Engineer: 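One structure is given below, represented as structure tokens, and several questions about it will come after.
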Amino acid sequence: MKVILFISTLILVVSCGKYERPFISFQSPETRLVDKTWGCTKAVSEDGTEFEIEDRITFSSDGTFERITSHWPLNPLYYTFAPDPAVLDTIQGTWTWGQALEGEVNEQFIVIKYDGYTVFGRNNFVSVLSKKELVFKDQSYDNTTYHYKKL
């Protein structure tokens with residue numbers, strides 16, 4: 001009985017420490033993330049101001065992504081000029097999980113690199129990753145937190 005209690009407690013502690021949600025999941029983070037289209041429901045700036053943006057992103061299991069957005073800070077072209085906010089841009093590139101110590105994978109960071117703009121990779125800290133919800137903070141640009149729902 002003590003062994004079952006210990007194992008249950010261990011599973012509970014490990015599952016609670018990674019993301020805010022889900023509490024317990026039997027799917028890997030990659031299974032929850034890929035081959036779904038995520039639509040942005042809101043963005044929250046570092047100072048706490050909420051705003052809405054048009055942004056949809058699909059992560060594929062082959063390590064590529066496609067993003068359709070009108071939010072100019074998400075477009076790699078903003079380094080040279082501010083794209084027209086009324087136009088939806090389609091951006092493609094690659095994504096990987098972040099690196100942890102000793103070359104291990106850290107599934108709390110998504111590293112996004114845009115095709116043709118390898119210098120402009122983005123590091124995104126994932127705080128919520130469930131079957132229906134994704135929340136991450138863009139730590140490479142302005143610490144805006146983006147909230148997504150599965151479409």
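Being a predicted model, the structure only gives us computed values, none of them experimental.
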Engineer: As an exercise, state the distance from NZ of Lys137 to CG of Asn124, rounded to the nearest 0.5 Å.
Structural biologist: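 Nearest 0.5 Å value for the NZ-CG distance: 11.5 Å.
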Engineer: So, for Gln139 and Phe109, which heavy atoms are closest and what is the spacing to 0.1 Å?
Structural biologist: OE1-CE2, 3.1 Å
Engineer: Would you mind telling me which of Val128, Thr41, Ile57, Leu129 makes a side chain to side chain contact (heavy atoms under 4.5 Å, CB included) with Tyr148?
Structural biologist: Ile57
Engineer: Under a 4.5 Å side-chain heavy-atom rule over Ile, Leu, Val, Met, Phe, Trp and Tyr, are Val111 and Leu33 clustered together?
Structural biologist: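 Different clusters.
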Engineer: Please say yes or no: joined through hydrophobic side-chain contacts below 4.5 Å, possibly via intermediate residues, are Trp72 and Val44 part of one cluster?
Structural biologist: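 No; tracing contacts between hydrophobic side chains, which count when under 4.5 Å, never links both residues.
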Engineer: Check for me whether the distance between the ring centres of Phe59 and Trp95 falls short of 6.0 Å.
Structural biologist: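 Between Phe59 and Trp95, the centre distance is under 6.0 Å.
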Engineer: Going by the angle between their ring planes, with limits at 30° and 60°, are Phe136 and Tyr146 parallel, tilted or perpendicular?
Structural biologist: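 Tilted.
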Engineer: Please check if any side-chain donor atom of Thr58 sits under 3.5 Å from a side-chain acceptor atom of Thr37, or the reverse.
Structural biologist: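 Yes, side-chain donor-acceptor contact under 3.5 Å.
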Engineer: Looking at Lys42 and Glu50, is there a salt bridge between them, counting it only when a charged N and a carboxylate O are closer than 4.0 Å?
Structural biologist: yes
Engineer: Would you compute the distance between atom NZ of Lys149 and atom OG of Ser130 and round it to the nearest 0.5 angstrom?
Structural biologist: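 Rounded to the nearest 0.5 Å, the NZ-OG separation comes out at 7.0 Å.
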Engineer: Do the charged groups of Glu54 and Arg56 touch, with an N to O distance under 4.0 Å?
Structural biologist: yes
Engineer: Working to the nearest 0.5 Å, report the span between CD1 of Ile112 and CZ of Arg122.
Structural biologist: 8.0 Å
